[in-house]
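Sequence positions, counted from 1, serve as the residue numbers for this chain.
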Amino acid sequence: MKTRILAAVALLPVLLVFVLVLPAWGTAAVFAAASALAAYELLYATGLVKRVRLVAYAMIMAALVNFWCLGQDPNLAMLGLFVYFSLLLTEMLLAHTKLRFEKICLCLAAGVLVPYLLGALVRIRAMYPGMDHSQTTLGKYWILVSFLIAFVSDSAAYFVGRALGKHRLAPVISPNKTVEGALGGVVCTVAALALYALILDRACGFTVNYLYTLVYGILGSAAGILGDLSFSVIKRQAGIKDYGKLIPGHGGILDRFDSMLMIAPLVELLLRTLPLGVWTAGVG
């Protein structure tokens, strides 16, 4: 537990610098690397797909998807998807009956679906393209919403669960998670988002809707639990404890960002349909 906390304390500021200081393409580069590693973890580290060429194709595709999330050229993204799928089908034909279609579907999930979901952070960071310089910074404020939900919900659920947890949430999949912990995560997430909304309102030139913090907090925490438990099931089916050893005390990219894969696209959708705030002052 000590290693887990120290790693989070050391890495979280670095990650925030990446997403807040770097331009949108820099954020895309960071998550392109993360997505490539996630593709490797989901395919090779689990043993689900051991063919080196397929894993390499998936890693390259996963990285490219994050750059395409900047939305500059949809035709290039379509071409990339066509080439990637063609390569996978060609590998299946060359292998005759030795490469099953299920493996191709796994490569599509690792190379396209997972990075597209994680790429929601890139799309949020790049919100309001084509406007003046001051408005292109808005993505910096919104990307923090996803991180707040993910990290506050997870941390609060852990500590509340240890202190008050009595009823197991998913005893077979993740025996340490409790219903009390999950509810504590929701409450703390709503409180954290309300505080963040207050900061946006009073110090950053936004007019915010505080009621929406309740929606973001409840739905975001639920989405995080879904992502966490789902990728835990994959680990159980593959017979592994962690996806990797990249982050001390946390495991691999998928161990740390499993909940974010569901939270980030949900936040992106909510920001587009139920915006948490409207920028009303010139903040550069």
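Side chains of R236 and V233 form no contact here, defined as non-hydrogen atoms less than 4.5 Å apart. Using a 4.5 Å heavy-atom threshold, the side chains of Y196 and L144 count as touching.
No donor-acceptor distance shorter than 3.5 angstrom exists from the side chain of S221 to the backbone of I218, with no hydrogens or angles considered. Under a 3.5 Å cut-off, the side chain of D255 and the backbone N or O of G252 do form a donor-acceptor pair.
Looking at every heavy atom in both residues, I263 comes nearest to G220 through CG1-O, 3.5 Å.
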Inset, instruction - Check the pair R51 / K98 against side chain to side chain contact (heavy atoms under 4.5 Å, CB included), numbers first and verdict last. - result: CA-CA 11 Å; R51 291 175 178 263; K98 296 181 180 180; 3.9 Å; yes
Legend entry - Criterion side chain to side chain contact (heavy atoms under 4.5 Å, CB included) on L193 and Y212, from CA distance to verdict: CA-CA 9 Å; L193 288 174; Y212 287 169; over 6 Å; no
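For D242 and R256, the salt-bridge test fails: no basic side-chain N is under 4.0 Å from an acidic carboxylate O. The pair R53-E91 meets the salt-bridge criterion, since a charged nitrogen lies less than 4.0 angstrom from a carboxylate oxygen.
No single ILVMFWY cluster, assembled from side-chain heavy atoms under 4.5 Å apart, contains both L271 and L269. The hydrophobic clustering, which links ILVMFWY residues whose side-chain heavy atoms are closer than 4.5 Å, places F101 and L93 apart.
Considering only residues two or more places apart in sequence or on other chains, D201 meets the side-chain hydrogen bond (donor to acceptor under 3.5 Å, both in side chains) condition with Y210. In this structure, the side-chain contact (heavy atoms from CB on, under 4.5 Å) partners of F82, at least two apart in sequence or on a different chain, are S86.
N66 and S35 share a side-chain donor-acceptor pair at under 3.5 Å.
Taking the six-membered ring for Trp, F147 and W142 have ring centres at least 6.0 Å apart.
A side-chain hydrogen bond (donor to acceptor under 3.5 Å, both in side chains) with E180 is found for one member of K166, H167, R162 and no other, namely H167.
Shown here is Y116, whose OH atom has no more than 12 heavy atoms of other residues, nucleotides or ligands within 6.0 Å.
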